[in-house]
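Residue numbers start at 1 and run along the sequence shown. For clarity, every value in this text was computed on a predicted model and none was experimentally measured.
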Amino acid sequence: QEQSGLLIPSLEYDLVRADDVLFTRRGYSASFRLQGAAEGAASDTTFLQAYVAARSVLPLGERGRLLLRGEYGATSSDDFSLLPPSLRFFNGGAQSVRGYGFEELSPTDPQGNLLGGEYMGTVSVEMDYLFYGNFGVAAFVDAGNASNDPGINVKTGAGIGLRYRTPIGMVRIDFAHPFDDPDSSFAFHISLGPDLQ
């Protein structure tokens, strides 16, 4: 098993603009991260990685919302095998492509073990509606993957969800169908928190 030591300087920027951070009716967020290491500068290999993400919430009538999300990451390295899993990209789960398990979208080795990818991308469109007090429903479509190809072989999932508005953000219970996984008919996810984070 490969082992490596890395000294990783990073630059990060986050922006949130919202009428209400905990339950946003209109707002957006953006984040950017650039990090890397240089062989010989307390590191065993050289790499550079960039990641950018954006989210937006728009009102649909008095009780509905449109939520949009996108992210993309890319890695350039002298020897990708020396990068630990924490520096590789995975996809799937409640915060990425629903319909797939947590971080189960990834390049694999011949034995089927998840290796993580050099690239990652996700896009998501969701509509939710509070039909009674703080109770709501949602419908969504997610697409994305993690890959060693910058073009990314996109996997798609779609589903419906239940929503409950709390003082610390929305509780989300999602049921999603993966369109590119013949071994699974649906995935179940629970998440909690603000929509723009």
Side-chain angles (χ1 to χ4, degrees), residues 1-12 31-55 69-126 140-161 172-193 197:
Q1 183 177 359
E2 295 277 6
Q3 291 189 346
S4 59
L6 298 167
L7 175 65
I8 308 173
S10 66
L11 175 67
E12 297 191 34
S31 61
F32 172 77
R33 182 177 70 246
L34 183 67
Q35 60 184 356
E39 185 176 2
S43 298
D44 295 331
T45 190
T46 298
F47 83 96
L48 183 66
Q49 185 177 82
Y51 171 82
V52 60
R55 297 172 183 253
R69 171 170 50 90
E71 60 180 345
Y72 189 82
T75 307
S76 175
S77 63
D78 286 350
D79 188 347
F80 187 71
S81 68
L82 291 177
L83 297 186
S86 61
L87 293 174
R88 303 181 185 195
F89 290 117
F90 298 84
N91 210 322
Q95 301 300 318
S96 53
V97 182
R98 290 163 286 188
Y100 297 86
F102 177 67
E103 294 189 346
E104 78 169 357
L105 295 179
S106 159
T108 60
D109 64 15
Q111 289 72 44
N113 299 309
L114 301 174
L115 299 177
E118 299 176 63
Y119 302 90
M120 184 272 291
T122 312
V123 293
S124 175
V125 178
E126 177 175 324
F140 55 85
V141 178
D142 304 327
N145 205 345
S147 171
N148 290 325
D149 181 349
I152 299 178
N153 179 24
V154 170
K155 306 290 186 180
T156 304
I160 58 174
R172 308 172 193 87
I173 302 175
D174 291 324
F175 303 87
H177 172 69
F179 290 100
D180 306 283
D181 185 356
D183 298 323
S184 176
S185 58
F186 80 96
F188 171 71
H189 302 283
I190 298 177
S191 61
L192 166 67
Q197 295 181 1

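Distance CG/D174 to CZ/F140: 4.0 Å, rounded to 0.5 Å. The structure places CD1 of I173 at 10.5 Å from CG of L192, a figure rounded to the nearest 0.5 Å. Note that CZ of F89 and CG of L83 are 10.0 Å apart. Values are rounded to the nearest 0.5 Å. Distance check: L48 CG to T75 OG1 gives 8.5 Å after rounding to the nearest 0.5 Å. Atom CZ of residue R88 and atom OG of residue S77 lie 9.0 Å apart, to the nearest 0.5 angstrom. The line from OG1 of T156 to CG of D181 is 12.5 Å long, rounded to the nearest 0.5 Å.
Heavy atoms only, all atoms of each residue included: D44 and L82 are closest at O-CD1, 4.1 Å. In this structure, V154 and G144 approach most closely via the heavy-atom pair CG1-N, 3.6 Å. Smallest separation of non-hydrogen atoms from L105 and Y100: CD2-CD2, 3.6 Å. Listed here is the closest heavy atom pair of G99 and H189: N-NE2, 3.7 Å. Of all the heavy atoms in A143 and V97, the pair that sits closest is C-CG2, 3.8 Å. The shortest heavy-atom contact between E104 and G101 is OE2-N, 3.0 Å.
Using modelled atom types, one finds no donor on one side chain facing an acceptor on the other under 3.5 Å when comparing S147 with N153. Neither side chain, T46 nor E39, offers a donor N or O lying under 3.5 Å from an acceptor on the other.
Contact annotation: the side chain of P107 never approaches that of E118 to less than 4.5 Å [non-hydrogen atoms, C-beta and beyond]. Residues I152 and Y72 meet the side-chain proximity criterion, which asks for heavy atoms closer than 4.5 Å. Under the 4.5 Å side-chain criterion, counting only non-hydrogen atoms from C-beta, T108 is in contact with L114. Using a 4.5 Å cut-off on side-chain heavy atoms (C-beta onward), K155 and P178 make no contact.
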I would like to know whether R69 and D142 meet salt bridge (charged side-chain N to carboxylate O under 4.0 Å, His left out); could you show each step before the answer? CA-CA 9 Å; R69 171 170 50 90; D142 304 327; 3.7 Å; yes
- Item | Verdict with reasoning, I8 to F47, per side-chain contact (heavy atoms from CB on, under 4.5 Å) | CA-CA 9 Å; I8 308 173; F47 83 96; 4.0 Å; yes
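Atom CZ of F175 has more than 12 heavy atoms from other residues, nucleotides or ligands within 6.0 Å. Remark: L34 CG is packed, more than 12 non-hydrogen atoms of other residues, nucleotides or ligands lying under 6.0 Å away.
A donor-acceptor distance shorter than 3.5 angstrom exists from the side chain of N91 to the backbone of G121, with no hydrogens or angles considered. Listed for the H177 side chain is a donor-acceptor partner under 3.5 Å among the backbone atoms of S185. Side chain of R172 to backbone of G193: a donor-acceptor contact under 3.5 angstrom is found. In terms of modelled atom types and a separation under 3.5 Å, the side chain of Q49 and the main chain of L87 share a donor-acceptor contact. Under the 3.5 Å distance criterion, the side-chain polar atoms of S106 are matched with a main-chain donor or acceptor of G116.
By the 4.0 Å N-to-carboxylate-O rule, R98 lies close enough to E126 to be salt-bridged with it.
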